[in-house]
Amino acid sequence: MTPTTPGAARDSMPATGVAGSPLVRAARREPVPHTPVWFMRQAGRSLPEYREIRTGVPMLESCRRPELVTEITLQPVRRHGVDAAILFSDIVVPVAAAGVDLDIVPGTGPVVAEPIRTAEDVGRLRPITRDDVGFVDEAVRMLVAELGDTPLIGFAGAPFTLASYLVEGGPSRNHVRTKALMYGEPDLWHALCGRLAEITGEFLAVQARAGVAAVQLFDSWAGALSEADYRRFVLPHSRTVLAGLADAGIPRIHFGVGTAELLGAMGEAGADVVGVDWRTPLDVATRRIGPDLAVQGNLDPCLLFAPWPVIEAEVRRILAEGRAAPGHIFNLGHGVLPETDPDVLTRVVELVHAASAR
């Protein structure tokens with residue numbers, strides 16, 4: 001694949017096509033015609049067409065059908081006019097491919113039949129190959145053909161967040177078992193996260209080889225940690241994942257929730273863009289992350305339920321704060337809530353484009 005350094009990537013990037021799209025250019029800290037915008041969970045339960053097409057199809061099964069993945073991924077691009085599509089999938093897809101017996105339970109989330117808590121359990125996690133996730137490869141190739149100049153963002157869960165699901169056996173508020181393993185058996189913890197970094201890295205590499213224009217690494221639960229613990233127990237493994245994509249020549253986005261105190265450390269993991277949740281203003285985030293990385297975010301998803309004048313004022317505030325960064329991709333501070341009015345999302349896209357036009 002192409003360039004091995006960010007500078008080389010910027011110098012060689014063509015002015016047209018996906019590589020010249022506002023999203024990729026913003027991630028590369030290049031001039032853009034307007035601030036690009038997309039939404040985490042834009043393909044999902046807020047759209048009636050999504051609910052219709054998913055009727056009777058379990059979540060994991062829907063992630064394994066390339067035609068269905070393609071249609072769901074395209075739905076918000078058609079409806080909202082966003083500047084990027086994000087692959088419809090789930091962060092547990094690669095660990096399921098690695099042999100973990102799990103299900104995504106409606107209203108709960110991923111539930112693991114046999115949680116991973118011993119060295120023998122870690123040994124059950126086998127490496128994955130392209131053949132294990134061939135449906136993802138096929139879906140990405142179909143989407144790239146359909147999307148034309150609109151970038152497709154690939155994604156995966158970061159090792160810490162995946163480890164928490166696997167150790168706890170499902171979603172957790174306090175991550176008690178996760179932290180007990182992390183503190184009490186650090187060698188086992190690093191063995192688990194090392195294996196997950198390998199699995200995640202290959203999952204993203206499959207997407208990169210199939211043609212995604214960028215990737216996002218979600219570390220949804222990293223905000224449960226102190227900076228010291230993040231640096232000791234998490235950063236090395238996230239860095240491994242992101243470093244594995246250094247030669248792919250595509251932007252890498254790194255995002256977590258509740259990570260205000262971790263933003264500087266997350267910026268060191270090797271991404272080109274750091275996602276920021278709604279708790280930290282983007283100008284403050286930029287000072288913490290440093291001047292060499294772009295930012296993404298960060299409208300509170302709950303604000304989409306406010307009256308339009310309130311939403312408009314907040315969008316304009318975020319755009320103004322984003323100008324402090326060398327590149328800004330507009331997004332929510334977390335995912336679209338299921339009850340969100342899709343028409344409001346469309347209006348936000350239109351406003352971002354109009355208000356940020358250069």
Side-chain angles (χ1 to χ4, degrees), residues 90-103 109-129 132-133 155-206 215-246 252 254-259 261-271 274:
D90 190 273
I91 65 170
V92 298
V93 166
V95 292
V100 176
D101 183 5
L102 59 83
D103 191 19
V111 176
V112 180
E114 297 180 51
I116 292 179
R117 294 167 186 166
T118 68
E120 291 74 18
D121 295 335
V122 174
R124 300 200 315 265
L125 274 174
R126 61 178 178 81
I128 65 170
T129 67
D132 294 310
V133 289
F155 86 94
F160 173 78
T161 292
L162 291 176
S164 181
Y165 277 117
L166 295 180
V167 173
E168 301 288 343
S172 173
R173 182 180 298 273
N174 297 310
H175 311 281
V176 173
R177 290 183 180 273
T178 304
K179 290 185 176 183
L181 178 65
M182 191 174 71
Y183 296 135
E185 299 185 70
D187 290 343
L188 180 57
W189 171 261
H190 286 296
L192 171 58
C193 287
R195 179 59 57 84
L196 290 171
E198 181 182 358
I199 292 167
T200 297
E202 179 58 23
F203 188 57
L204 288 174
V206 167
V215 294
Q216 177 157 305
L217 186 66
F218 284 83
D219 211 350
S220 306
W221 307 135
L225 301 174
S226 69
E227 182 182 353
D229 287 344
Y230 178 86
R231 288 184 176 278
R232 178 183 176 190
F233 294 111
V234 178
L235 179 57
H237 304 291
S238 294
R239 181 180 281 139
T240 295
V241 174
L242 293 167
L245 293 165
R252 296 157 292 174
H254 195 20
F255 172 75
V257 183
T259 54
E261 297 305 316
L262 307 181
L263 289 172
M266 290 181 72
E268 296 171 22
V274 176

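Of the options V100, D103, V95, D101, a side-chain contact (heavy atoms from CB on, under 4.5 Å) to V112 is made by V100 and by none of the others.
Counting only distance, with no hydrogens or angles, the side chain of R252 and the backbone of G270 share a donor-acceptor pair below 3.5 Å. K179 contributes no side-chain N or O that, together with a main-chain N or O of N174, makes up a donor-acceptor pair within less than 3.5 Å. Listed for the E168 side chain is a donor-acceptor partner under 3.5 Å among the backbone atoms of V176. H254 contributes no side-chain N or O that, together with a main-chain N or O of M266, makes up a donor-acceptor pair within less than 3.5 Å. Of the possible donor and acceptor atoms, one in the side chain of W189 sits under 3.5 Å from a partner among the backbone N and O of F233.
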Next item on the list: In sequence, state the C-alpha distance, the side-chain angles, and the governing distance for I128 and F203, and then conclude on side chain to side chain contact (heavy atoms under 4.5 Å, CB included).
Entry: CA-CA 8 Å; I128 65 170; F203 188 57; 4.1 Å; yes
Check: When you look at V257 and W221, which way does the side chain to side chain contact (heavy atoms under 4.5 Å, CB included) test go after all the steps?
Finding: CA-CA 6 Å; V257 183; W221 307 135; 6.0 Å; no
Next item on the list: Begin with the C-alpha distance, continue with both residues' side-chain angles, and end with the deciding distance and a verdict on side chain to side chain contact (heavy atoms under 4.5 Å, CB included) for D229 and V234.
Entry: CA-CA 7 Å; D229 287 344; V234 178; over 6 Å; no
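Side-chain contact between R232 and M182 is absent, with no heavy-atom pair separated by less than 4.5 Å. Annotation: side chain of L125 is in contact with side chain of L166 (closest heavy-atom distance under 4.5 Å).
Put simply, CD on E202 and OG1 on T200 are 10.5 Å apart, with the number rounded to the nearest 0.5 Å. Expressed to the nearest 0.5 Å, how far SG of C193 lies from CG of L196 amounts to 6.0 Å. With values rounded to the nearest 0.5 angstrom, L225 atom CG is found 11.0 Å from T259 atom OG1.
Remark: R126 engages D132 in a salt bridge, criterion side-chain N to carboxylate O under 4.0 Å.
The minimum heavy-atom distance linking F155 with L204 is given by the pair C-CD2, 3.6 Å. Closest non-hydrogen pair, G109 versus P171, comes out as CA-CG, 4.4 Å.
Ring-plane geometry between F218 and F255 is classed as perpendicular, the angle between the planes exceeding 60 degrees on a 0 to 90 degree scale with a lower cut at 30.
Contacts classified as side chain to side chain donor-acceptor pair (under 3.5 Å) and involving residues 157-167 (residues at least two apart or in different chains) are given here: T161-D219, S164-H175, S164-T178.
Here R239 pairs with L235, E268 under the side-chain contact (heavy atoms from CB on, under 4.5 Å) rule; sequence neighbours left out.
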Using a 3.5 Å cut-off and no angle test, enumerate the donor-acceptor pairs between side-chain atoms of residues 115-122 and protein atoms at least two apart in sequence or in another chain.
from	atom 1	to	atom 2	distance (Å)
R117	NE	V167	O	2.8
R117	NH2	V167	O	3.0
T118	OG1	E120	N	3.4
T118	OG1	E120	OE1	3.3
T118	OG1	D121	N	3.1
T118	OG1	D121	OD1	3.4
T118	OG1	D121	OD2	3.1
D121	OD1	R124	NH1	2.6
D121	OD2	R117	N	2.8
D121	OD2	T118	N	3.1

